[in-house]
Amino acid sequence: MKKKIFLSSVIIMFFAILQAQEYSVGLSFLQNYSTFRFVDSGGNRQKSDLRISYGYGLSLQKSIENYYFEGSLSYSNPGAMSNYGTSRLEWSLHYAGASFSAARRFSLFNLNPHIGIGLYYGRLCKAEQITGQEYFDLLGEDEIKRNDLGFNIFAGINYAYSDAGSMFLRLTQFTGLAQIEKKTAGQKLFNRSFSVQLGLAFKINELNNKQ
């Protein structure tokens, strides 16, 4: 039921933006640096190494004076790295995500620095653990929860190369709030990631005016 309510909210949000007179669409590539926050059954925090991965994003954005609101869909592949004896461990999680963000924009000639905060929901599509030469399907073995929730804070800059288009760079810190460990009693596992996002954005109303 909660999943249906969330998906309905995302659809309504996107259609609301589409009805606005001025909005833009963005396409982006993400380089992710991810890890886990892991707490064992004794309450001790265990540290894992960063895993470098990738992702893609599609966004719709509505500007109101010096602020903007953004809804986005994404695919990302976070996880973590660690060691088990002499073996190297790697966790690879594949998420389809949706987020809603609000940001403050500043003007500096053709540059627009911005800072913002957003809410995120992710649906796990695939989860793998590799220990040395051994492979484990974490979803098939029912080891990890499918849903993830969290928030992100971000800062970036846009460069407007024309009235209709711009390039942007964004740095984002994501903090997962959902406990995704499923079977082991007392253990807690949370996603953490930092991403560098590069993309292009296009003002739809400007493109329509030029046609």
Side-chain angles (χ1 to χ4, degrees), residues 3 6 10 26-40 44-61 69-84 88-103 113-131 135-139 143-158 167-182 184 187-201:
K3 179 184 174 184
F6 177 83
V10 171
L27 300 171
S28 59
F29 170 81
L30 298 86
Q31 187 78 54
N32 299 314
Y33 302 85
S34 59
T35 186
F36 291 142
R37 177 179 177 269
F38 176 71
V39 181
D40 64 23
N44 302 307
R45 295 186 181 184
Q46 305 293 327
K47 186 177 181 180
S48 58
D49 298 331
L50 288 174
R51 179 177 184 272
I52 302 174
S53 60
Y54 61 89
Y56 305 96
L58 171 66
S59 62
L60 286 168
Q61 188 180 108
F69 299 92
E70 180 180 273
S72 66
L73 300 175
S74 64
Y75 167 81
S76 62
N77 179 214
M81 305 283 287
S82 188
N83 292 306
Y84 181 72
R88 188 65 170 164
L89 272 67
E90 180 178 359
W91 294 270
S92 176
L93 311 180
H94 299 252
Y95 281 98
S99 66
F100 180 75
S101 306
H114 58 269
I115 56 174
I117 188 168
L119 298 175
Y120 169 84
Y121 166 79
R123 178 69 174 175
L124 189 61
C125 305
K126 184 179 180 181
E128 306 165 299
Q129 178 182 317
I130 301 172
T131 307
Y135 169 86
F136 301 93
D137 179 0
L138 298 179
L139 280 183
E143 294 283 348
I144 195 167
K145 295 179 182 178
R146 284 187 174 270
N147 298 316
D148 192 20
L149 297 169
F151 72 94
N152 54 62
I153 56 175
F154 57 88
I157 191 166
N158 282 51
M167 303 170 60
F168 64 88
L169 168 68
R170 182 181 294 180
L171 306 178
T172 302
Q173 176 65 49
F174 167 74
T175 301
L177 301 177
Q179 206 290 83
I180 59 175
E181 179 79 26
K182 196 166 188 178
T184 308
Q187 292 188 171
K188 297 180 180 180
L189 189 67
F190 302 88
N191 281 315
R192 296 285 188 271
S193 66
F194 175 80
S195 67
V196 179
Q197 183 178 2
L198 293 171
L200 296 172

Item to complete: Could you please spell out the steps behind the side chain to side chain contact (heavy atoms under 4.5 Å, CB included) verdict for Trp91 and Leu138?
Response: CA-CA 9 Å; Trp91 294 270; Leu138 298 179; 4.0 Å; yes
Worksheet entry | Closest approach of Ala80 to Phe36 (non-hydrogen atoms, all atoms of both residues) | CB-CD1, 3.5 Å
Discussion item. Do Leu89 and Ser48 have side chains that approach each other closer than 4.5 Å (heavy atoms only, starting at C-beta)?
Written reply: no
Worksheet entry | Which residues share a salt bridge (charged side-chain N to carboxylate O under 4.0 Å, His left out) with Asp49, sequence neighbours left out | Arg88
Item to complete: Would you mind reporting whether Ile180 and Leu93 have side-chain heavy atoms less than 4.5 Å apart?
Response: yes
Discussion item. So Gln179 and Leu189, do their side chains get closer than 4.5 Å, heavy atoms only?
Written reply: yes
Worksheet item: Between Gln197 and Leu169, is a side chain to side chain contact (heavy atoms under 4.5 Å, CB included) present by the stated rule, with each step listed?
Response: CA-CA 6 Å; Gln197 183 178 2; Leu169 168 68; over 6 Å; no
Worksheet entry | Closest contact, heavy atoms only, Gly57 versus Leu30 | N-CD1, 3.8 Å
Item to complete: Might you point out which heavy atoms bring Ser193 and Ser34 nearest each other, and give the distance in Å?
Response: CB-CB, 3.8 Å
Discussion item. Do Phe154 and Leu171 make a side-chain contact, defined as non-hydrogen atoms from C-beta onward lying under 4.5 Å apart?
Written reply: no
Worksheet item: Atom CD1 in Ile144, atom CD in Gln129: separation rounded to 0.5 Å?
Response: 9.5 Å
Worksheet item: For Phe194 and Val196, which heavy atoms make the closest approach, and how far apart are they?
Response: CE2-CG2, 4.0 Å
Discussion item. Ring-plane angle category for Tyr75 and Tyr54, please: parallel below 30°, perpendicular beyond 60°, tilted otherwise.
Written reply: tilted
Worksheet entry | Leu27 side, atom CG; Leu198 side, atom CG - distance, nearest 0.5 Å | 13.0 Å
Fill in: Minimum-distance pair of heavy atoms, taken over all atoms of Ala178 and Phe190
O-CD2, 3.3 Å
Item to complete: Verify whether one side chain among Ser92 and Asn77 offers a donor that lies under 3.5 Å from an acceptor in the other.
Response: yes
Item to complete: I would like to know whether Tyr120 and Asn191 meet side chain to side chain contact (heavy atoms under 4.5 Å, CB included); could you show each step before the answer?
Response: CA-CA 12 Å; Tyr120 169 84; Asn191 281 315; over 6 Å; no
Fill in: pair Phe174-Asn32: side-chain heavy atoms closer than 4.5 Å
no
Worksheet entry | Spatial distance of atom OG (Ser82) from atom NZ (Lys47) [nearest 0.5 Å] | 11.0 Å
Practice prompt. Compare all side-chain heavy atoms of Ile153 with those of Thr172 and state whether any distance is below 4.5 angstrom.
Written response: no
Worksheet item: Tell me the salt bridge (Lys or Arg N to Asp or Glu O under 4.0 Å) pairs involving residues 72-82, sequence neighbours left out?
Response: none
Item to complete: List for me each residue that meets side-chain hydrogen bond (donor to acceptor under 3.5 Å, both in side chains) alongside Arg170, sequence neighbours excluded, and say none if there are none.
Response: Tyr68, Glu70
Practice prompt. Start with the C-alpha distance between Ser74 and Tyr95, add both sets of side-chain angles, then the distance that settles side chain to side chain contact (heavy atoms under 4.5 Å, CB included), and finish with yes or no.
Written response: CA-CA 8 Å; Ser74 64; Tyr95 281 98; over 6 Å; no
Item to complete: Calculate, to the nearest 0.5 Å, the distance between atoms CG and CZ belonging to Leu119 and Phe151 respectively.
Response: 9.5 Å
Worksheet item: Sequence neighbours excluded, which residues qualify as salt bridge (charged side-chain N to carboxylate O under 4.0 Å, His left out) partners of Arg51?
Response: Glu90
Practice prompt. Quick one: list whatever passes side-chain contact (heavy atoms from CB on, under 4.5 Å) with Ile52, sequence neighbours left out.
Written response: Gln31, Tyr33
Fill in: Heavy-atom check, side chain of Arg192 versus side chain of Thr175, under 4.5 Å
yes
Worksheet item: Just by distance, do the side chain of Arg146 and the backbone of Leu124 share a donor-acceptor pair under 3.5 Å?
Response: yes
Worksheet item: Rounded to the nearest 0.5 Å, how far apart are CG of Leu73 and OG of Ser99?
Response: 8.0 Å
Practice prompt. For Lys126, check salt bridge (charged side-chain N to carboxylate O under 4.0 Å, His left out) against everything at least two apart and list the hits.
Written response: Glu128
